[in-house]
**Q** 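Here you go, one structure.
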Amino acid sequence: MPALLIACLATAPALGQNPARFDAVGDAIPLPLSSEPGDAARGRSIVVNRDAGACTLCHAVPGEQAFGNIAPTLAGVGARLSPAQLRLRVADSTRVSPDTPMPAYYRTEGLKQVAAAYLGKTILSAQQVEDVVAYLATLKEPQ
């Protein structure tokens, strides 16, 4: 399955380059990656768009009919995790779970099996990470 996920993500546009350095503290990134606050509506669009975040390939997303079931549902994630914890999981989930098949959306170093189009590039820009975090933080209700 990870190879399929990487192949699917290889078709998405490479948006970010030279990611800003961030400091993880425990299981979180306390400071935003961009100066502009995240926009939940843009974040939802990234989450459900299979040419952007492609989150629905693996996660159930509230309000969506087509989704995967190999990863936890995103319903209620905003009640379970803080925005800082969500930020680390989106930016680089391997810092929380080293064997996760979830892509590191905001990392360029030390990756394995990266499509040539993504070498040295992030999947999401800093602003897109903040938008996704803003959306995920709204998901307070479990389904």
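Being a predicted model, the structure only gives us computed values, none of them experimental.
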**Q** Looking at every non-hydrogen atom in both residues, tell me the closest pair between A28 and L88 and how far apart they are.
**A**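 Heavy atoms of A28 and L88 come nearest at N-CD2, 3.5 Å.
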**Q** Between P32 and R87, is any pair of side-chain heavy atoms under 4.5 Å apart?
**A**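 In short, these two side chains touch, coming nearer than 4.5 Å.
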**Q** Closest heavy-atom contact between I29 and A91?
**A**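 Scanning both residues, the minimum pair turns out to be CD1-CB, 3.9 Å.
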**Q** Could you tell me whether the side chain of Y105 and the main chain of G53 form a donor-acceptor pair under 3.5 Å?
**A**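 Checking the backbone N and O of G53 against the side chain of Y105, a donor-acceptor pair under 3.5 Å is found.
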**Q** Going by the rule salt bridge (Lys or Arg N to Asp or Glu O under 4.0 Å), which residues pair with E36 if we only count those two or more places apart in sequence or in a different chain?
**A**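 Partners of E36 by the salt bridge (Lys or Arg N to Asp or Glu O under 4.0 Å) criterion, ordered by chain and then number, come out as R42.
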**Q** For the side chain of S125 and the backbone of Q128, is there at least one donor-acceptor N/O pair under 3.5 Å apart?
**A**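 At least one qualifying donor-acceptor pair exists.
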**Q** Do T122 and R107 have side-chain heavy atoms sitting under 4.5 Å apart?
**A**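 Of all side-chain heavy-atom pairs linking R107 with T122, none is under 4.5 Å.
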**Q** Look up atom CG in L136 and atom CD in Q85, then write down how far apart they are to the nearest 0.5 Å.
**A**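 Those atoms lie 12.5 Å apart.
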**Q** Checking S93 now: which residues fulfil side chain to side chain donor-acceptor pair (under 3.5 Å) with it, not counting sequence neighbours?
**A**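 Expected list: none.
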**Q** Hey, are R95 and D27 close enough for a salt bridge, meaning a charged N less than 4.0 Å from a carboxylate O?
**A**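 The answer is no: the pair does not qualify as a salt bridge.
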**Q** Supply the atom-to-atom distance I46 CD1 to D51 CG, rounded to the nearest 0.5 angstrom.
**A**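 Reported value, rounded in 0.5 Å steps: 12.5 Å.
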**Q** Looking only at heavy atoms, what is the nearest atom pair of A66 and T56, with distance?
**A**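 So the two residues come closest at O-CB, 3.8 Å.
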**Q** What closest approach, in Å, do D23 and R21 show between heavy atoms, and which atom pair accounts for it?
**A**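 Nearest pair, atom of D23 first, then R21: OD1-NH2, 4.0 Å.
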**Q** Quick one, C55 and V48 - any side-chain contact, counting heavy atoms below 4.5 Å?
**A**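 No - every pair of side-chain heavy atoms lies 4.5 Å or more apart.
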**Q** With sequence neighbours excluded, what pairs up with N49 under the side chain to side chain donor-acceptor pair (under 3.5 Å) test?
**A**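 Testing N49 for side chain to side chain donor-acceptor pair (under 3.5 Å), a comparison that skips the adjacent residues, returns none.
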**Q** Does any pair with a residue in residues 53-62 pass salt bridge (charged side-chain N to carboxylate O under 4.0 Å, His left out), and if so which ones, sequence neighbours excluded?
**A**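 Residue pairs passing salt bridge (charged side-chain N to carboxylate O under 4.0 Å, His left out), neighbours aside: none found.
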**Q** Step by step, work out the side-chain contact (heavy atoms from CB on, under 4.5 Å) result for I123 and Y106.
**A** CA-CA 6 Å; I123 296 170; Y106 195 69; over 6 Å; no
**Q** Strictly by side chain to side chain donor-acceptor pair (under 3.5 Å), give each pair with a member in residues 60-78 just once, sequence neighbours left out.
**A**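 Every pair satisfying side chain to side chain donor-acceptor pair (under 3.5 Å) with a residue in residues 60-78: R44-E64.
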**Q** Between T94 and T100, does a side-chain contact (heavy atoms from CB on, under 4.5 Å) hold up when you go through it step by step?
**A** CA-CA 6 Å; T94 63; T100 184; 4.0 Å; yes
**Q** Is there a side chain to side chain donor-acceptor pair (under 3.5 Å) between Q127 and S34? Walk through the geometry before answering.
**A** CA-CA 6 Å; Q127 186 59 54; S34 67; 2.9 Å; yes
**Q** Can you hop from V96 to V129 via hydrophobic side chains spaced under 4.5 Å?
**A**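 Yes: a chain of side-chain contacts under 4.5 Å links V96 to V129.
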**Q** Is there a donor-acceptor contact under 3.5 Å from the side chain of K140 to the main chain of G76?
**A**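 The answer is no, because no donor-acceptor pair under 3.5 Å joins these two groups.
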**Q** Is there a donor-acceptor pair under 3.5 Å between the side chain of H59 and the backbone N or O of L74?
**A**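 Such a contact is absent between H59 side chain and L74 backbone.
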**Q** Minimum heavy-atom separation for A40 and Y135, please, with both atom names.
**A**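 Taking every non-hydrogen atom into account, O-CB, 3.4 Å.
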**Q** Report the residues that fulfil side chain to side chain donor-acceptor pair (under 3.5 Å) with S45, sequence neighbours left out, ordered by chain and then residue number.
**A**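 For S45, no residue satisfies side chain to side chain donor-acceptor pair (under 3.5 Å) once neighbours in sequence are set aside.
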**Q** For the pair D131 (side chain) and D39 (backbone), establish whether a donor and an acceptor sit closer than 3.5 Å, ignoring hydrogens and angles.
**A**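 The answer is yes, because a donor-acceptor pair under 3.5 Å joins these two groups.
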**Q** Report yes or no: do L119 and L124 belong to one cluster of Ile/Leu/Val/Met/Phe/Trp/Tyr joined by side chain heavy-atom distances under 4.5 Å?
**A**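 Same hydrophobic cluster.
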